[in-house]
Participant: 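Sharing a structure below in structure tokens format, with a few things to ask.
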Amino acid sequence: MKQYKIFVTGKQGIFDPAGETARHALDNLGYTGIESLQIGKYIQLTTDDSVSAEAVKQMCEKLLANPVIEDFSIDETATSATSEIAEKTNAGADE
Amino acid sequence: MKQYKIFVTGKQGIFDPAGETARHALDNLGYTGIESLQIGKYIQLTTDDSVSAEAVKQMCEKLLANPVIEDFSIDETATSATSEIAEKTNAGADE
Amino acid sequence: MSEDTKIPTPVADSIETLDPELAAQVAIQLGLTAEEYQGVIDVQGRVPSLTELYIYSLMWSEHCSYKHSKKQLRNFSSEGEHVLQGPGENAGVISVGDGWAVAFKMESHNHPSAIEPYEGAATGVGGIIRDIFTMGARPIACMDSLRFGTLDKPRQRYLFEGAVAGIGGYGNCLGVPTVGGEVYFEEAYEGNCLINAFAIGLMREENITRAVGSGPGNLVVLIGSSTGRDGIGGASVLASQEFDEAAENKRPAVQVGDPFEEKLLIEVCLELLKRGLFVALGDLGAAGLTSSASEMASRGGVGIDIDVRKVPQRESAMQPFEIMVSESQERMLAVVKPEDFAAVEQVCKRWSVACTAIGTITDTGRFVVRDSSLTAGNDIVADMPAEMLATSAPEYDPPMLRPAYLDELQSEDLSWLSRENKSAAVLSDELLSLLASANICSREWIWRQYDHQVQSNTVLLPGADAAVVRISDTGRGGSTNRGLAMSTDCNGRYCYLDPYVGAQIALAESARNLACVGAAPSAITDCLNFGNPEKPEVFYTFHKAILGLSDACKYYGIPVISGNVSFYNESFGNAIYPTPAVGMVGVVDDISQVVTGAFKQQGDTIILVGQTEDELGGSEYLKVMYDKVTGSPPALDLELEGDVQKVVREAVRDGILQSAHDCSEGGIAVTLAECCIVGGIGAQIDLDDELPAVTSLFSESQSRIVVSVNDEQVNELINRLQQAQVPYSVIGETGGDNLSIEGKIELSLVKITEVYRESLEQLVKQR
Amino acid sequence: MSRVDEVRFGVVTFPGSNCEQDAVHALRHLGYRADYVWHQDTNLNDYDALVLPGGFSYGDYLRCGAVARFSPVMSEVVRYAEAGRPVIGICNGFQVLTEAHLLPGALIRNKGLKFLCQTVHLRVEQSVCKWLDLPTGIVLDIPISHNEGNYICDDDTLARLQENGQIVVRYCEPDGSRLPQGSAPNGALDDIAGICNPRGNVFGLMPHPERVTDAVSGSNAGSVFFTAIATYAREVAGR
Ligand SMILES: Nc1ncnc2c1ncn2[C@@H]1O[C@H](COP(=O)(O)OP(=O)(O)O)[C@@H](O)[C@H]1O
Ligand SMILES: [Mg+2]
């Protein structure tokens, strides 16, 4: 079993009205000091061992992300059935 | 400057129509071997140094996630103005 | 440029102009021709600055200047006693009685949608809605006119699904109902889909607002969203070039719509207009601030002085030209008296909408752009004569050539079609194939995704021949029991086979759709979608279509009050079908009198108003059964068409009819099937017309409407038909669980309903 | 209608609400007083009942109703509701009520991921809801118009809803029956279209009764919701 985490984010220069709105809302709730907020997608994909990272990349290109306005990155996190999906400490996007 | 990555995911057992549909669509595209697919939110938050991780947690509890149906986790990735947002492995995705 | 055109004197003493050689190169890259660039130098009296060059290239692009179409468009007449505003403003306006007026317009967003269908279509809706409330009207309805390739291609399904979702996503959020539209699927649109959006708004006559800048010293105020690099060069790059692989790489940052911001803008602008706090209001559309500011100045014969650094920016390090040409959505430009600015700010604040004074109106006649981050004295980056910039783009008389295919196809002998002797079983199967065709089957899959009822004025749900909305300022102001009927139509196949007749049929069909709900045409808007106008064959079809449409409009006295031209709808060298879409609006005097096409009860008499001829050229039958697009389209007799409409319209108004539904694609067989399906009642028909069966059933002769009447009214209707000297035939009776056409068709209601209702969704979902 | 009824409704308007005018129109058409209440207003004393209308408050960005929930008016709405006074949330208003935890559960995207605008059949259930005074089992035809109407909650909550009679209306077939695979076009759990709080004064539903109250729609099936609450409000006020 393989575990992929996919991060889909708006391309540079693409306007993100949802992020803007959330940012304003936080302002109004009294949270100061926020410089930017963007909302993207976080996709958790579990596959059997036959699915390669390359195949996952293709899935993103074809379906999971919209290449015209979105970028994505993929993080293969775990390869055994035991590792749990959402660790609090997960290293996130930086691989 | 601080950089937080927030992952908002559907609670266990909560139906995820977008994930379901994407999964079917991948099936139809001929990708086999997928065991599960969940779509959540990936929020990138940039703040000044005054914003604590605790404050970010509060923002999630109050606004960014709905505790009735969602879990979240937070990842503080960078804490200085110099450390760049987009690491090479992740090119383009973060800007 | 004529000798006596006076160019106001420049404001700038020094401005950083480009190196002459470089400027000429950049001009070409930006899409200006060498002669056009020379024109820029003539108007400026010098080599332009970089910002100026960008501005000219956009203002003189096809999209903004209509340089290839302007002369042709003069054929249209906007004369009419109830016309309050013709073409030239953001939207046309007509009076609809009792002091109410409506503004409406249709516009294309084809090229952006071909790149990103959801956002492209969504921002198309956003743009047309801004044109409406700019005029002071509250948007009350939308329609969409769509063209795609065939749904067996995954990319076409993607475009179609995305565009429909985008139209819904935007309009639904605004709370403007999308009440109708049209859609066709054909190979000709495969490389270049068409997304035309129509919007209409309601206002009191006295509230008409125009985008005419005036009053030197007044403030120029930008309201709404921040400015980013979205769609930079969008208008000129996309809409003025053919779409091919190179264009995909030229992809400018796609514009993303923010319907929430637009909703706030509607409320803010209408409130400010009502309180008289705007001197002028315009929206930022193609070419952004550049076009909106220069047009406002030019219309008012004033100058305008803008500081780009005051413009709220969402991206860092934006160049002055980027700020000037950005096509970021949901922005409005207003002229405000200095003493009113605080009040304007207050209203904007209440709605959390940004509002910034970015410049002033001047009496210099110059359009001056400053960058206050530069040193004082050297801060002017563009200084142009506003009027010349907005109005002196070149006007072309492109060469025309009658395409060779026209004679070839028009003269094609189709008599073999009707010689075949087909059994009722075969004909019934053929009817099922037509009912399943993507061009005929129910569009419910589309309109279910559109909020078509919000504002509580929708009289007829989508699916009727024409949409009808009540004239009412729901929950805010007055309400009436009168309505607005609207329809959008164009059969591109007919226009391909005969652009003159095809365009006339588009108008006739719209008017016929209105007649079916008891409305007469008040005015139209149009959206003329064509290929590359620099190709003589394409331009010929454009010319002919305009002539056809304008001749027919003049014949019926229907003014053309607004419109839009979209050229360069080509991919890999192939133009789309000429597609002059018509958006028509008429008034319903009593909404309680409207009828639908649905058969209402057993035992009503069914009458065909009009007459079927042998006209299978360009028909859906020919396409579906034989995969052919050939022959001459049906003929259109303007007088007969007018008479048919009149008699039906009046019969609807006088409450004589139970149902009325026009014959269009698929012929009378499809029309009858639709009346049965929507009404849930069968019909027993005998088409005793001495035509071969195939012709009788599937011919697409114009000027035909199928009506049903109850026993008490049959004689009255027949009297009226005879008096009007309109051909008609009594063809049967409603009732039963089948559609049976004597000797030709025998199908159960259940079967035709299933095929008709489920086909589109199945086509979308196929893999 | 000629006589203006003394019952007065407040229709709360958030930035992005877009059915507030429909609600006001419907209420006035039914003969009641109805006024807009701006999301920053905090004085609700004048109203006998509150309507949180449909629309896309704050664009429905992030989550439907998530931002509106923090509007100044909402803390007063909570107080108003806790005092036992009637509150109805229609469509987006229902979503706001769940986000504000005045009603349990949540509304997520329709199962087909498509916006749905169509008329549905609603079966009136045996409930404690004061907004509806109809015999159980009656079927009403009311339009829906939403992208996120798929009701969801955990098993305990569902059990509680059933036990307390908090399920007010369910999606059903024309004859009132429900299909084994569900009759909710949006995929809602247990075909739930509308629920109320245990006290019955706070009611949220996805369908739009305000759209079917006058002749233009050809139906007045939605009127019953408003007439019932007007009767109740008069009782409470002792009029
Ligand atoms: N793209 C669309 N969006 C909304 N409604 C549509 C669309 N296409 C068609 N419709 C509706 O479906 C019905 C049938 O459309 P159409 O076949 O074009 O009618 P007609 O041939 O009478 O002009 C009409 O009510 C029309 O408004
Ligand atoms: Mg029609």
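Proteins get letters first, then strands, A, B, ... in listed order; numbering begins at 1 in each.
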Participant: Hey, is NZ on B:Lys11 packed in by over 12 heavy atoms from elsewhere, all under 6.0 Å?
Facilitator: yes
Participant: Can you give me the closest heavy-atom contact between B:Leu63 and D:Ala66, atom names plus distance?
Facilitator: CD1-O, 3.7 Å
Participant: Is any side-chain heavy atom of B:Glu20 less than 4.5 Å from a side-chain heavy atom of D:Leu113?
Facilitator: no
Participant: For B:Gln58, does the CD atom have more than 12 heavy-atom neighbours from other residues, nucleotides or ligands under 6.0 Å away?
Facilitator: yes
Participant: Can you tell me if CG on D:Asp141 sees more than 12 non-hydrogen neighbours from other groups inside 6.0 Å?
Facilitator: yes
Participant: Out of B:Ile69, B:Val8, B:Asn66, return the one with the most heavy atom pairs under 4.5 angstrom to chain D.
Facilitator: B:Asn66
Participant: What part of D:Leu62 gets closer than 4.5 Å to chain B, counting heavy atoms only: side chain, backbone, both or neither?
Facilitator: both
Participant: If you compare all heavy atoms of B:Lys62 against all heavy atoms of D:Phe70, which two are closest, and at what distance to 0.1 Å?
Facilitator: O-CZ, 3.3 Å
Participant: Taking B:Ile43, B:Asp16, B:Thr21 one by one, which has the highest count of heavy-atom pairs under 4.5 Å against chain D?
Facilitator: B:Thr21
Participant: Report yes if the side chains of D:Thr98 and B:Val68 come closer than 4.5 Å at any heavy-atom pair, otherwise no.
Facilitator: no
Participant: Is any side-chain heavy atom of D:Asn150 closer than 4.5 Å to a side-chain heavy atom of B:Pro17?
Facilitator: yes
Participant: Answer with side chain, backbone, both or neither: which region of D:Asp154 has an atom nearer than 4.5 Å to a non-hydrogen atom of chain B?
Facilitator: neither
Participant: Any chance CG of D:Asp175 has more than 12 other-residue heavy atoms, nucleotides or ligands included, within less than 6.0 Å?
Facilitator: yes
Participant: With chain D as the partner, which of B:Gly13, B:Gly10, B:Ala65 has the greatest number of non-hydrogen pairs under 4.5 Å?
Facilitator: B:Ala65
Participant: Is a side-chain N or O of D:Arg63 found less than 3.5 angstrom from the main chain of B:Leu64, in a donor-acceptor match?
Facilitator: yes
